[in-house]
Amino acid sequence: MKLDQSFYTRSSVTQIAKELLGKIIYTQFDGILTGGIITETEAYEGITDRASHAYNNRRTDRTEIMYSNGGVAYVYLCYGVHHLFNFITNHKGIPHAVLLRSIHPIEGIPAMEERTAKKFSKKGFTDGPGKLSKALSIKTLHTGIDLTGNKIWLEDHGISIQHGDIISTPRIGVDYAGEDATLPYRFLIDIMGIKKPRQGGVRSLKPDLFT
DNA sequence: CGGCCGATCCACT
DNA sequence: GTGGATCGGCCGA
């Protein structure tokens, strides 16, 4: 079942970030379908969040899309190299976002291997925000795209994530954010169920777990 | 208009 | 464990 806009327009960005775990993200460009199970997200809580690009109600050409009604993409370039994908949430004027940090591939794996020049069997295939964007062919030009359309969308396949299986930690790479750098706004499912990961993330997803 | 630097990744030691 | 890649956005002058 495809997720509709009402999933994104709710007011709790942390709740949405947690509910995204276990959902399936798909992209289809030039007839090539790729997709994976979302296993890690981060919430960015708008104008009060020092880690957010929209902190203090800042509006620039880049961040303007964050003020849209929920259900569109915000993709920006990081370190001059990586295209980082965000779900825009909440209502128009409230610039909440969820960064997608990791997926577990389930669809179009050969295409993803070609795009990333890496093999799925190798550890660390799509376990990072830059890498998964490359695998799904998401680029900055997709900023503003409708997340309920036919190029990028989400589906609920009935994967049930227990509350107790969600690990939360501080967000990665936001040391500049002062007190807000310690907020537990990073959410992930530790598929191995072994231990809380250190910063840097879970690198031990079992390829066959969801198949 | 110039300079700084990041919501990262990978090669190399 | 560390440093280089790489460039658009952002800010101050």
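Protein chains get the first letters and strands the later ones, always in sequence-line order, with residue 1 at the start of each.
At the phosphate of B/dT8, neither OP1 nor OP2 sits under 4.0 Å from any side-chain N or O atom of A/K134. Regarding contacts with the backbone of C/dC11, a side-chain N or O of A/R58 is found under 4.0 angstrom from either OP1 or OP2.
Backbone-only contact: A/K118 has heavy atoms under 4.0 Å from sugar-phosphate atoms and none from a base. Across all strands shown, A/V174 has heavy atoms under 4.0 Å from sugar-phosphate atoms exclusively, and none from any base.
Between the C1' atoms of C/dG3 and B/dC5, the separation comes to 15 Å (whole Å).
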Using nucleotides 4-6 of chain B, report all nitrogen or oxygen pairs with the protein that are shorter than 3.5 Å.
none

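With sequence neighbours excluded, no residue forms a ring pair (Phe, Tyr, Trp, His ring centres under 6.0 Å) with A/Y67.
Inspection of the A/R50 and A/Y55 side chains reveals an N or O donor paired with an N or O acceptor under 3.5 Å. Side chains of A/T63 and A/T60: a donor-acceptor N/O pair is present below 3.5 angstrom, by distance only. In the model, A/S137 has a side-chain atom that pairs as donor or acceptor with a side-chain atom of A/K139 under 3.5 Å.
Ion pair A/E42/A/R171 not flagged as a salt bridge, since none of the NZ, NE, NH1 or NH2 atoms sits closer than 4.0 Å to an Asp/Glu carboxylate oxygen.
Other residues sharing a hydrophobic cluster with A/I94 under the 4.5 Å side-chain heavy-atom criterion for ILVMFWY residues do not exist; the residue is a singleton.
A/E45 places its CD atom 18 Å from the P atom of B/dA7, with the value rounded to the nearest Å. Between the C1' atom of C/dG9 and the OH atom of A/Y74 lies a distance of 9 Å, rounded to the nearest Å. Rounded to an integer number of Å, the gap from CG of A/L141 to P of C/dG8 is 14 Å. In this structure, A/E40 atom CD and B/dT8 atom C1' are separated by 13 Å, rounded to whole Å. Spacing between atom CZ of A/R171 and atom P of B/dT8 amounts to 12 Å, rounded to whole angstrom units. Across the protein-nucleic acid pair, A/R62 atom CZ and C/dC7 atom P stand 16 Å apart, rounded to whole Å. Between A/K139 atom NZ and B/dT8 atom P the separation is 20 Å, expressed in whole Å. Rounded to whole angstrom, the span from the CG atom of A/D61 across to the C1' atom of C/dG9 amounts to 10 Å.
Note on residues 106-118 of chain A: pairs passing side-chain hydrogen bond (donor to acceptor under 3.5 Å, both in side chains), not counting sequence neighbours, are A/T34-A/R115.
In this structure, A/R10 forms a cation-pi arrangement with A/F7, its terminal cationic atom sitting closer than 6.0 Å to the ring centre and no more than 45° off the ring axis.
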Review point. Side chain to side chain contact (heavy atoms under 4.5 Å, CB included) between A/T41 and A/L99: does it pass, once the steps are laid out?
Key: CA-CA 6 Å; A/T41 60; A/L99 171 69; over 6 Å; no
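Shown for residues 83-91 of chain A: residues whose heavy atoms fall under 4.0 angstrom of DNA chain B, namely A/L84, A/N86.
In this structure, CD in A/E40 is found 9.5 Å from CD1 in A/I167, a value given to the nearest 0.5 Å.
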**Study point:** 5'-to-3' dot-bracket of DNA chain C (Watson-Crick, G-U; under 3.5 angstrom; crossing pairs as [ ]; | other strand)
**Key:** |||||.||||||.
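Between A/Y76 and A/H53, the ring-plane angle classifies as perpendicular under the 30° and 60° cut-offs.
Taking the six-membered ring wherever Trp is involved, the centroid distance between the rings of A/Y44 and A/H96 does not fall below 6.0 Å.
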